[in-house]
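Inspection log for the structure reproduced underneath, given as structure tokens.
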Amino acid sequence: MTVFCASSTFVVAGVMGLNYQVDPYLTHQWQTPRMQQLGPSWEKLSAWGKTYALAKFKPAVLYVGNSRTELGLPTRAEPFPDLDVFNGALSGASLGDAMAMVDHAAKLGQLKTLVWGIDAPSFTMEIGNRDFDRELVANGPLYLWRRALINAKRAFAFDMTEDSIRVLRGTFGGVCHSSLASYGQRNDACAYGRIEELGGTGAVIVPRVRDYLRGTGPTDEAMRALDRSMADVCGAGTRVRLYLNPTHAMTTDALYWAGKWPAMEAWQRSLASMGQRYRAAGCDLRIFDFSGFNSVTTEAIPQVSRRPDMQYYWETSHYRSNVGAMVLARMFGGDDAPADFGVELSPEKLAAHQAAMRLARDRYHLAHPVETSMAREIAAER
């Protein structure tokens, strides 16, 4: 029995040591050579890597949101030439996930600016990113010590052992760099890799609209939670920019055909009212809407243009970095955005904005019959 226990202990220690050292998912890497190695197009446990990186980096500017922000907002950005910027957005993240990331960063350092991408369907308090264990969120000054224990516990896992062996064999995947290599922004090569695996841009147009519609938001619970989060962030003196993601016009149109347009407009009114209230209290908080039907979001899809790729979009759900740069320019005073791209949500402008959005939707139906028919059919599946 003694020999068996000793042998078992040795095996367990060996497995944990191997996984911790190889660290295939980059759960505890920051500015290390391991970050520069190529890996698979899909990042597993990215929440682990990003929460650790935030503890080490302590950026002045933080982006949060879901994979749209993660892919689209560049960390090397004109509005922040002399500030440390980190993209803490997570694939599949709900509002609740983003709030947890903000809370984590705020407990570890002093945020000067927070940029937060939101969408109506994912505006819920559900856990969208299943890898984002709330145990990863900082709760005191000894976070890195506690984190080392959490990482060690995770290292004793069969999936991690398999992938550690693949790393050592050179078969883990060599598609793209981790998002950590570009301060949290997902690498373009990763996006290309994923889309090619799924059959190209045209093949994922419809599935991405379906995914967008599956969200259960916006919910009143999430609105109240965001309000509380803004109270904390504004109380710390952080400048805040909330923005509605510029998903392709087909996604907004699908919300219309699914009967969710009134809920979306009510959500916009709640956001505008909240923003006004915090500005009146002295907080530098502004909210911008880049969604809907404008010169960027109405780009023709491959089924219409007959081109394999799109200029502004990876597909209907995710926008490219050139769009993200326009988003930042509009919110922070730059000139590199079309005049019709991005409207500030405020009570005095909201009625006109929503009326213009309805008219733009009707024009879109006439000018884009193929996309309109596709969006309508997707909504009818529900």
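All residue numbers in this chain count up from 1 along the given sequence. As the structure is a computational prediction, the values presented were derived from the model and not from experiment.
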In the structure I gave you, are the side-chain heavy atoms of [X] and [Y] within less than 4.5 Å of one another anywhere?
X: V209; Y: H248; result: no
X: N19; Y: F156; result: no
X: Y243; Y: V115; result: yes
X: E126; Y: T219; result: no

Determine the sole option in R130, K50, R134 for which the salt bridge (Lys or Arg N to Asp or Glu O under 4.0 Å) test with D97 is passed.
R134
Matching residue for D284 among R279, K112, R241 - test: salt bridge (Lys or Arg N to Asp or Glu O under 4.0 Å):
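Going through R279, K112, R241 one by one, the salt bridge (Lys or Arg N to Asp or Glu O under 4.0 Å) with D284 is satisfied by R241 alone.
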For K260, what residues pass the salt bridge (Lys or Arg N to Asp or Glu O under 4.0 Å) criterion, not counting sequence neighbours?
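Salt bridge (Lys or Arg N to Asp or Glu O under 4.0 Å) list for K260, sorted by chain: empty.
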Starting from I195, walk the hydrophobic network (Ile, Leu, Val, Met, Phe, Trp, Tyr; side-chain heavy atoms closer than 4.5 Å) and list everyone else you reach, by chain and number.
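I195 shares its hydrophobic cluster with L71, Y192, W314.
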So, [X] and [Y], do they make that salt bridge, N to O below 4.0 Å?
X: D163; Y: R169; answer: no
X: R224; Y: D227; answer: no
X: K107; Y: D103; answer: yes
X: R358; Y: E265; answer: yes
X: D159; Y: R154; answer: yes
X: E135; Y: K153; answer: yes

Is a side-chain N or O of D119 found less than 3.5 angstrom from the main chain of P121, in a donor-acceptor match?
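No, the answer is negative, given that no donor and acceptor are paired below the 3.5 Å cut-off.
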Would you check if the side chain of R269 reaches a backbone N or O of P347 as a donor-acceptor pair within less than 3.5 Å?
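Such a contact is absent between R269 side chain and P347 backbone.
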May I ask you to decide if the ring planes of H104 and Y143 are parallel, tilted or perpendicular, using 30° and 60° as cut-offs?
perpendicular
Has [X] got more than 12 heavy atoms of other residues, nucleotides or ligands less than 6.0 Å from its [atom1]?
X: D362; atom1: CG; result: yes
X: R146; atom1: CZ; result: yes
X: E348; atom1: CD; result: yes
X: F86; atom1: CZ; result: yes

Taking side chain to side chain donor-acceptor pair (under 3.5 Å) as the cut-off, I'd like each qualifying pair that reaches into residues 73-93, sequence neighbours left out, listed once.
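Qualifying pairs, neighbours excluded: none.
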Compute whether any side-chain donor of one residue and acceptor of the other, for R194 and S41, lie under 3.5 angstrom apart.
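The criterion, which ignores hydrogens and geometry beyond distance, is not satisfied for S41 and R194.
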Run the side chain to side chain donor-acceptor pair (under 3.5 Å) test on Q29 and T32 for me, step by step, so that the C-alpha distance in whole Å, both residues' side-chain angles and the decisive distance to 0.1 Å come before the verdict.
CA-CA 6 Å; Q29 305 293 325; T32 64; 2.7 Å; yes
With a 4.5 Å cut-off on side-chain heavy-atom distances among I, L, V, M, F, W and Y, is there a chain of contacts connecting V370 to F293?
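Same cluster: V370 reaches F293 through Ile, Leu, Val, Met, Phe, Trp or Tyr contacts under 4.5 Å.
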Indicate the atoms forming the closest heavy-atom contact of Y312 with V323, along with that distance.
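Here Y312 and V323 meet closest at O-CG2, 3.4 Å.
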